[in-house]
Amino acid sequence: TPAVRLDRITKRFGGDNDTAAAVADLSLDIAPGEFYSLLGPSGCGKTTTLRMIGGFADPTSGSILLAGQDVTRLPPNKRNVNTVFQSYALFDHLSVADNVAFGLKRAGVAREEIRRRVGEMLELVQLTTFADRKPRTLSGGQRQRVALARALVNRPAVLLLDEPLAALDLKLRRQMQIELKQIQREVGITFVFVTHDQDEALTMSDRVAVMNAGRVEHCGTPEDVYEHP
Ligand code: ADP
Ligand code: ADP
């Protein structure tokens with residue numbers, strides 16, 4: 001069973017059948033544990049596709065299945081999916097540990113269990129010694145890793161990442177690409193990664209869907225895509 005299945009998804013903004021569709025009759029399957037990238041130029045429909053998987057937008061037609069279950073009309077909190085946004089959206093008044101713990105606290109998880117899981121996550125993203133710091137005292141790459149830890153701590157089946165490295169300078173971005181890939185391997189969670197950077201998609205992914213004008217033009221391993229760009 002695919003972790004994510006999009007079955008003939010179309011998204012129109014405005015409802016009018018004459019408007020060009022942002023996403024047009026798009027189908028794809030993402031396997032459990034896969035690092036899967038949506039690659040393509042600005043405006044091709046990557047973010048819209050990601051938002052529909054996350055439940056932040058509804059398709060005009062078509063269906064979305066997560067682990068075989070139709071979630072097309074379920075809200076984000078019923079989907080076992082988390083998102084890392086480009087802006088990180090960290091809470092500046094909370095420590096790094098409390099940022100990571102936030103969702104678990106709200107879900108009523110016991111304090112000892114929270115400490116254990118937050119500790120595990122901080123270790124995973126190598127921020128153990130920064131647990132008590134405030135996000136604004138960290139570097140961009142470190143803040144990115146806090147956002148990642150916060151999104152992984154409740155063990156979602158699927159993690160959606162929308163250009164999470166776009167705000168970093170090139171050197172740091174290269175380093176984070178490697179780290180992010182290692183973390184994904186370690187946790188074994190399905191990652192769906194949006195980028196307009198071909199090198200980035202080819203470096204990190206198990207498979208890449210190359211999008212253009214709301215459609216998948218080509219889908220395959222980085223080697224396939226490199227040979228048929
Ligand atoms: P990408 O992520 O590949 O840059 P998007 O998914 O953001 O592309 O956008 C795809 C198309 O849908 C674009 O033409 C964009 O202008 C349009 N679009 C995206 N969001 C909205 C919206 N909320 N309202 C109207 N049009 C939108
Ligand atoms: P509270 O703030 O609820 O009184 P604590 O002081 O024990 O409880 O911890 C604050 C929150 O942050 C808890 O959810 C805790 O699990 C987590 N936390 C704080 N510091 C660390 C740390 N160094 N490693 C792991 N988790 C931590």
Side-chain angles (χ1 to χ4, degrees), residues 2-4 6 23 26 28-42 44-57 64 66-67 71 76-77 79-90 99-100 102-103 121 124-127 135 138-170 172-211 216 219 222 225:
V4 179
L6 301 187
V23 174
L26 183 148
L28 53 83
D29 278 357
I30 303 175
E34 204 169 23
F35 196 121
Y36 192 100
S37 289
L38 303 174
L39 169 69
S42 179
C44 75
K46 305 180 298 293
T47 297
T48 301
T49 301
L50 202 73
R51 286 172 53 80
M52 289 191 286
I53 299 171
F56 298 102
I64 301 167
L66 298 180
V71 300
N77 62 348
R79 292 191 183 200
N80 200 14
V81 165
N82 281 347
T83 305
V84 175
F85 298 99
Q86 194 185 117
S87 61
Y88 314 154
L90 299 174
N99 263 278
V100 178
F102 188 81
M121 277 301 132
L124 180 73
V125 300
Q126 297 175 35
L127 288 176
L138 303 182
S139 72
Q142 289 167 335
R143 283 204 297 275
Q144 174 61 64
R145 277 152 39 207
V146 178
L148 189 64
R150 189 179 58 180
L152 289 171
V153 75
N154 67 343
R155 303 192 191 103
V158 178
L159 187 67
L160 308 175
L161 304 103
D162 190 358
E163 303 251 13
L165 309 182
L168 307 177
D169 66 52
L170 188 63
L172 189 56
R173 212 159 86 205
R174 295 276 176 257
Q175 184 189 328
M176 282 302 295
Q177 287 169 5
I178 295 164
E179 286 182 20
L180 197 56
K181 177 72 193 166
Q182 279 169 350
I183 288 168
Q184 189 267 341
R185 275 276 150 76
E186 207 160 319
V187 295
I189 288 174
T190 309
F191 275 29
V192 188
F193 186 88
V194 159
T195 183
H196 62 269
D197 180 336
Q198 173 168 305
D199 286 342
E200 186 161 284
L202 297 182
T203 305
M204 303 175 73
S205 312
D206 297 312
R207 279 195 306 153
V208 180
V210 183
M211 291 184 63
V216 172
C219 175
V225 169

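We count residues from 1, following the sequence as given.
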Point to revise | Sub-4.5 Å side-chain heavy-atom contact between Leu6 and Met52 | key: no

Check your understanding: Just wondering, do Thr49 and Leu38 contact through their side chains at under 4.5 Å, heavy atoms?
Key -> yes

Point to revise | Heavy-atom side-chain proximity of Pro135 to Asn99 below 4.5 angstrom | key: yes

Practice item. Would you list the pairs meeting salt bridge (charged side-chain N to carboxylate O under 4.0 Å, His left out) in which at least one residue belongs to residues 187-209, sequence neighbours left out? Key: Glu34-Arg207, Arg173-Asp197, Arg173-Glu200, Lys181-Asp206, Arg185-Asp206

Review point. How far apart are the closest heavy atoms of Val225 and Val210, and which atoms are they?
Key: CG1-CG2, 3.7 Å

Revision key, fill the gap. Note: Met204 and Leu180 closest approach over all heavy atoms is CE-CD2, 3.5 Å

Practice item. Tell me, please, which residues at least two apart from Asn77 pass side-chain contact (heavy atoms from CB on, under 4.5 Å). Key: Pro75

Point to revise | Positive for side chain to side chain contact (heavy atoms under 4.5 Å, CB included) with Met211, one of Leu28, Val216, Leu39, Val194 | key: Val216

Revision key, fill the gap. The side-chain contact (heavy atoms from CB on, under 4.5 Å) partners of Phe56 (sequence neighbours excluded) come to Arg51, Pro76, Thr83, Phe85

Point to revise | Summary of side-chain hydrogen bond (donor to acceptor under 3.5 Å, both in side chains) pairs that have at least one residue in residues 153-168, sequence neighbours excluded | key: Thr47-Asp162, Asn82-Asn154, Glu163-His196

Review point. Taking all non-hydrogen atoms of both residues, which atom of Leu168 and which atom of Leu172 are closest, and how far apart?
Key: CD2-CD2, 3.9 Å

Check your understanding: For Thr190, which residues count as a side-chain contact (heavy atoms from CB on, under 4.5 Å) partner, sequence neighbours excluded?
Key -> Ala3, Ile30, Val158

Review point. Who are the side-chain contact (heavy atoms from CB on, under 4.5 Å) partners of Glu179, not counting sequence neighbours?
Key: Arg145, Gln175, Met176

Review point. Which atom pair, heavy atoms only, marks the closest approach of Val125 to Ala149?
Key: CG2-CB, 4.0 Å

Practice item. Please test Leu148 against Leu159 for side chain to side chain contact (heavy atoms under 4.5 Å, CB included), starting from the C-alpha separation and ending with a verdict. Key: CA-CA 9 Å; Leu148 189 64; Leu159 187 67; 3.8 Å; yes

Check your understanding: Do Gln184 side-chain atoms and Gly33 backbone N/O form a donor-acceptor pair below 3.5 Å?
Key -> yes

**Study point:** Leu66 side, atom CG; Arg79 side, atom CZ - distance, nearest 0.5 Å
**Key:** 6.5 Å

Check your understanding: So which heavy atom on Leu138 is nearest to which on Arg143, and how close?
Key -> O-NH1, 2.9 Å

Review point. Roughly how far apart are Thr203 OG1 and Ile178 CD1, rounded to 0.5 Å?
Key: 8.0 Å

Check your understanding: What are the two closest non-hydrogen atoms of Thr195 and Ala201, and how far apart are they?
Key -> CG2-CB, 3.8 Å

Check your understanding: Is there a side-chain contact between Leu161 and Val192, using heavy atoms and a 4.5 Å cut-off?
Key -> no

Review point. Is the backbone of Phe193 close enough, under 3.5 Å, to the side chain of Lys46 for a donor and an acceptor to pair up by distance?
Key: no

